[in-house]
Amino acid sequence: MNNLRLETMHHLEQICDRWRSASEVVCLLGKQFDDSLRNTLERLRLKLPSAPLMVGLQDVGDEVQLLELGVQEVFALGRASPDARQLERLANITIARMDYELALRSLTHFDPLTGLANRSLFQDRLEQSLIQARRNSLNVGLLFIDVDRFRVVNDIYGHSLGDQLLLACSHRLQKSLRRSDTVARLGGNTFAVILDSVRGTEVVTAVAQKLADALKAPFKLESHEIFVTVSIGIEISCEANYDAGQMVRRAELALHQVKRDGRNDCQIYSPQSAPIDKIRVGLESALHHAMERDELRLVYQPQISVVGNHFVGAEVLLRWQHPVLGLVSPAVFIPVLEDTGLIEPFGEWVLRQACKQYKYWLDQKLVTANSKISVNLSPRQFRQRDLGERIQQILQETGLPTANLTLEITESTLMYNLEQGAAMLSELRALGVRVAIDDFGTGYSSLAYLKDLPIDFLKIDRSFVKDIVDDRNDAAIANSIIALAHNLGLQVIAEGVESSDILAALESFGCDHYQGFFFAKPVEAEDIPELVSRCA
C-alpha cells in the first residue's frame with residue numbers, strides 16, 4: 001500500500017458501495033467490542049468477504065472474538081490517534097493477512113492448476129443444487145468427464161504440456177456452459193459438471209455431446225497440435241432420488257462403463273453398469289484373504305544367454321489360485337492390487353519368497369553362482385520412501401547375496417518422476433542389487449535419459465520382438481536399442497522369444513539374453529533345476 005489516503009464514512013452502505021479492491025482497507029473505530037460492532041462486522045463480512053478489515057478500539061478486550069469474525073488486525077486507540085506512518089504499517093499488515101487468508105481459501109476450495117472448483121467445493125455445490133432443484137420441481141444433471149489416454153500425452157510431451165492441456169480443456173468446458181453451471185476438476189484428468197435446473201435427460205445428454213464435440217477440436221500447445229477424445233458418464237437427480245452420494249456413484253459407474261466399452265462416448269447410468277463393479281468388489285475382498293489362505297504361488301521364467309545357451313537367471317511371476325474361480329489372470333488381479341494399495345504387501349511377499357527360494361537353489365548348487373533372480377517392482381512399491389531399507393532387510397533375512405538379485409521397473413514408472421527415480425536407483429545400486437528397465441520402448445522415453453542412470457539391463461518389450469523376422473521396422477528398432485544400449489555399457493534381455501528364427505535374428509543383432517516360450521514358459525519352482533541342466 002503506497003501513499004496512504006483516508007476517506008471517512010459513517011454508514012455501512014457507504015463502505016460497501018465505495019470499496020473496490022483488495023488494496024483498500026476497511027477500518028472501523030470504536031470504544032469497545034459490543035453487540036452493535038458484532039452485527040456490523042457480520043454484515044460487512046457478508047457483503048465484502050474479501051475486504052481487508054482492521055478494527056481500532058479504546059478498550060481491546062475481546063481480540064479473539066474479533067479475529068473469529070474475520071478481522072485481520074486489531075489495534076488499541078490511545079489518547080493520541082495513530083499517525084499516518086503507523087496507520088500505513090497496520091494497513092499493510094491487514095492486506096498481507098487478507099491475501100494469505102484468500103490464498104488458503106482458494107487452496108481449500110479451488111484446483112490450483114485450473115482454478116476450477118475442487119472436489120470439496122463440487123460436493124457442496126451439488127448438495128445445494130439438489131436442494132434448490134427439489135424445491136422447484138426441477139432436475140440437476142451430473143457429468144463425469146475423463147480425458148481419454150491422457151497418460152500418453154504426459155509420456156510423449158511431458159507433464160508440463162499435460163498441465164497445459166488440462167487447463168485448455170477447462171477453458172473449453174467453461175465456455176460451453178452457462179454461468180449457473182459448475183465445472184470442477186476432481187483430480188488427474190477427471191472433470192465433473194453440475195447442470196442446474198434442467199428438465200429432463202434429453203437436455204443433459206445434449207449438453208454432454210456438446211462438451212464432447214467442443215473438446216474434439218485440436219489443441220495447439222507450444223509447437224504441437226494435440227487431439228483428444230473424452231468419456232462421459234451421466235446421471236440425473238430424479239433417477240437417484242436427489243441423493244448426492246448416489247448421483248456421484250452412478251455417474252462414476254457410467255463413466256467406467258464407457259471406458260470399458262472403448263472410450264470416446266457418453267452414457268447414462270443404467271443398472272447394467274453395476275455387475276462388473278460387484279465382481280471387482282468381490283475380487284478385492286478375496287484378495288485381502290488370499291495371502292493368509294495360501295492361495296498365492298510363484299512361477300519362474302528362465303533367462304538364457306543368446307550365445308552359448310547358458311542359464312543366467314529367472315524372472316519370478318505371481319499367480320493367484322482362487323478356490324472357486326481357479327487360476328485368475330494377473331491382468332485381472334494386478335490392477336486391483338494397485339488400486340487398493342494391496343500391491344505393497346503382496347510385492348514384499350513376492351520379493352521375500354523369491355529371495356528365499358533362490359538362496360536355497362544357490363546353496364544346493366542347482367543354479368550357477370553368478371545367476372540372478374529378477375523381481376518386478378510395481379509403481380507404488382518404487383515410490384515407497386523406505387524401499388531401500390525394506391529390500392536390505394529382506395536380503396538379510398533370507399541370506400541372498402545382493403549380487404544375485406535384479407529388480408525390474410517399467411520404463412513408464414521411471415519416467416513418471418525422473419529425478420526421484422534416479423535417486424531411488426542410486427539407493428538400490430548402493431545396496432549392490434542390479435536394476436533392469438522392463439518393457440523398454442513402450443514409454444516414449446529416450447536412451448539419452450538413461451545414460452547417467454545406474455542401471456544394468458534393458459528388457460526389449462515383446463511387441464518389438466515377436467515380428468522382427470517379418471517386420472523390418474521392428475527389426476530396425478530392436479537392432480538400434482541393442483547397439484545403443486551396448487554403447488552405454490548396458491546388457492539387453494529380449495522378452496517374448498517364441499521361435500528359433502527370432503532367436504537367430506537377435507543373435508545377429510548382438511542381443512545378450514532372452515526369455516520366452518521358445519526355451520520355456522514360466523514353471524513351478526521344482527521344475528527349474530531340470531531346465532538349468534538343459535543349458536550349456
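- Remark: the D196 side chain and the Q132 side chain contain no N/O donor-acceptor pair separated by less than 3.5 Å.
- Side-chain atoms of I373 and Y300, non-hydrogen and from C-beta on, do get closer than 4.5 Å to each other.
- Taking OG from S120 and CG from D111, the interatomic distance works out to 12.5 Å, rounded to the nearest 0.5 Å.
- A cation-pi geometry, defined here as NZ or CZ lying under 6.0 Å from the six-membered ring centre and within 45° of its normal, holds between R172 and F219.
- Heavy-atom minimum distance, V248 versus L126: CG2-CD2, 3.8 Å.
- Checked by atom type and distance alone, the side chain of Q209 never pairs as donor or acceptor with a backbone atom of A206 at under 3.5 Å.
- Scanning all heavy atoms of the two residues, the minimum distance from G162 to V153 falls at CA-CG1, 4.4 Å.
- Contact between N139 and S237 at its shortest, heavy atoms only, is OD1-OG, 2.8 Å.
- Contact annotation: the side chain of S170 approaches that of F191 to within less than 4.5 Å [non-hydrogen atoms, C-beta and beyond].
- Within the 4.5 Å cutoff, side-chain heavy atoms of F144 are placed close to those of L142.
- For the pair Q72 (side chain) and L53 (backbone), a donor-acceptor distance under 3.5 Å is present.
- Environment of CZ in R119: sparse, with no more than 12 heavy atoms of neighbouring residues, nucleotides or ligands closer than 6.0 Å.
- The CG atom of L287 sits 5.0 Å away from atom CG of L337, with the distance rounded to the nearest 0.5 Å.
- By the neighbour-count criterion of 12 heavy atoms within 6.0 Å, atom CZ of R199 is sparsely surrounded, having that number or fewer from other residues, nucleotides or ligands.
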* Evaluate the salt bridge (charged side-chain N to carboxylate O under 4.0 Å, His left out) criterion for residues E524 and R297: first the C-alpha distance (whole Å), next the side-chain angles of each, then the deciding distance (0.1 Å), finally the verdict. => CA-CA 9 Å; E524 303 288 341; R297 61 187 178 89; 2.2 Å; yes
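- Heavy atoms from other residues, nucleotides or ligands lying under 6.0 Å from CZ of R178 number more than 12.
- Judged by distance alone, the side chain of T190 and the main-chain N or O of L186 form no donor-acceptor pair under 3.5 Å.
- To the nearest 0.5 Å, atom NE2 of residue H171 and atom CG of residue L166 are 11.5 Å apart.
- Contact detail for R185 and L116: the closest heavy-atom pair is N-CB, 4.0 Å.
- A distance-only check finds a donor-acceptor pair linking the side chain of R380 to the backbone of E338 [under 3.5 Å].
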* **Pair L195-V140, side-chain contact (heavy atoms from CB on, under 4.5 Å): steps then yes or no** => CA-CA 6 Å; L195 302 175; V140 174; 5.9 Å; no
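- Closest non-hydrogen pair, F382 versus L428, comes out as CE1-CD1, 4.4 Å.
- You'll find the side chain of T201 stays beyond 4.5 Å of the side chain of I234, heavy atoms only.
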* Worked verdict on R250 versus E239 for salt bridge (charged side-chain N to carboxylate O under 4.0 Å, His left out) -> CA-CA 10 Å; R250 292 182 172 198; E239 296 294 332; 5.3 Å; no
* Asked: Can you list the steps and then say if K459 with E408 is a salt bridge (charged side-chain N to carboxylate O under 4.0 Å, His left out)?
  -> CA-CA 9 Å; K459 298 188 73 174; E408 297 188 10; 3.0 Å; yes
* To do: Show the numbers, then the answer: is there a side-chain contact (heavy atoms from CB on, under 4.5 Å) between W349 and L318?
  => CA-CA 10 Å; W349 180 87; L318 179 62; 3.9 Å; yes
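- Remark: the Q301 side chain and the Q515 side chain contain an N/O donor-acceptor pair separated by less than 3.5 Å.
- Side chain of D471 to main chain of D467: no donor-acceptor pair is present (N/O by atom type, distance under 3.5 Å, no hydrogens or angles).
- Other residues, nucleotides and ligands contribute over 12 non-hydrogen atoms within 6.0 Å of the CG atom of D386.
- Using bins of under 30°, 30° to 60° and over 60° for the plane-to-plane angle, the ring pair W320/F333 lands in the perpendicular bin.
- For E498 and K466, the salt-bridge test fails: no basic side-chain N is under 4.0 Å from an acidic carboxylate O.
- You'll find the side chain of I437 stays beyond 4.5 Å of the side chain of L453, heavy atoms only.
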* Asked: Could you walk me through whether T40 and L28 pass the side-chain contact (heavy atoms from CB on, under 4.5 Å) check?
  -> CA-CA 9 Å; T40 300; L28 302 181; 4.1 Å; yes
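- Here the closest heavy-atom approach between residue E24 and residue W19 is recorded as O-NE1, 2.9 Å.
- Here the side chains of L177 and L211 are in contact, with some heavy-atom distance below 4.5 Å.
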* To do: Please test Q65 against R38 for side chain to side chain donor-acceptor pair (under 3.5 Å), starting from the C-alpha separation and ending with a verdict.
  => CA-CA 9 Å; Q65 292 190 53; R38 176 192 292 276; 2.7 Å; yes
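- In this structure, F227 and K216 have side chains that are not in contact, with every pair of non-hydrogen atoms separated by 4.5 Å or more.
- Distance alone, capped at 3.5 Å, places no donor-acceptor pair between the D461 side chain and the F464 backbone.
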* Derivation of the side chain to side chain donor-acceptor pair (under 3.5 Å) call for S231 and D146 -> CA-CA 5 Å; S231 301; D146 254 19; over 6 Å; no
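- The CD atom of E427 lies 8.5 Å from the CD1 atom of I391; values are rounded to the nearest 0.5 Å.
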* To do: I would like to know whether E222 and Q164 meet side chain to side chain donor-acceptor pair (under 3.5 Å); could you show each step before the answer?
  => CA-CA 9 Å; E222 297 179 358; Q164 292 180 46; 2.9 Å; yes
* To do: Under the side chain to side chain donor-acceptor pair (under 3.5 Å) rule, what do E315 and N376 come out as? Steps first, then yes or no, please.
  => CA-CA 8 Å; E315 178 183 2; N376 292 280; 2.9 Å; yes
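- Of the inter-residue distances, the one linking L387 atom CG with Q392 atom CD reads 11.5 Å to the nearest 0.5 angstrom.
- Using a 4.5 Å heavy-atom threshold, the side chains of F33 and L69 count as touching.
- Distance alone, capped at 3.5 Å, is enough to place a donor-acceptor pair between the D34 side chain and the S36 backbone.
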* To do: Given side-chain contact (heavy atoms from CB on, under 4.5 Å), test I236 with I268 step by step and report yes or no.
  => CA-CA 8 Å; I236 191 165; I268 303 172; 6.0 Å; no
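- Rounding to the nearest 0.5 Å places CG of L121 at 10.5 Å from CD of Q128.
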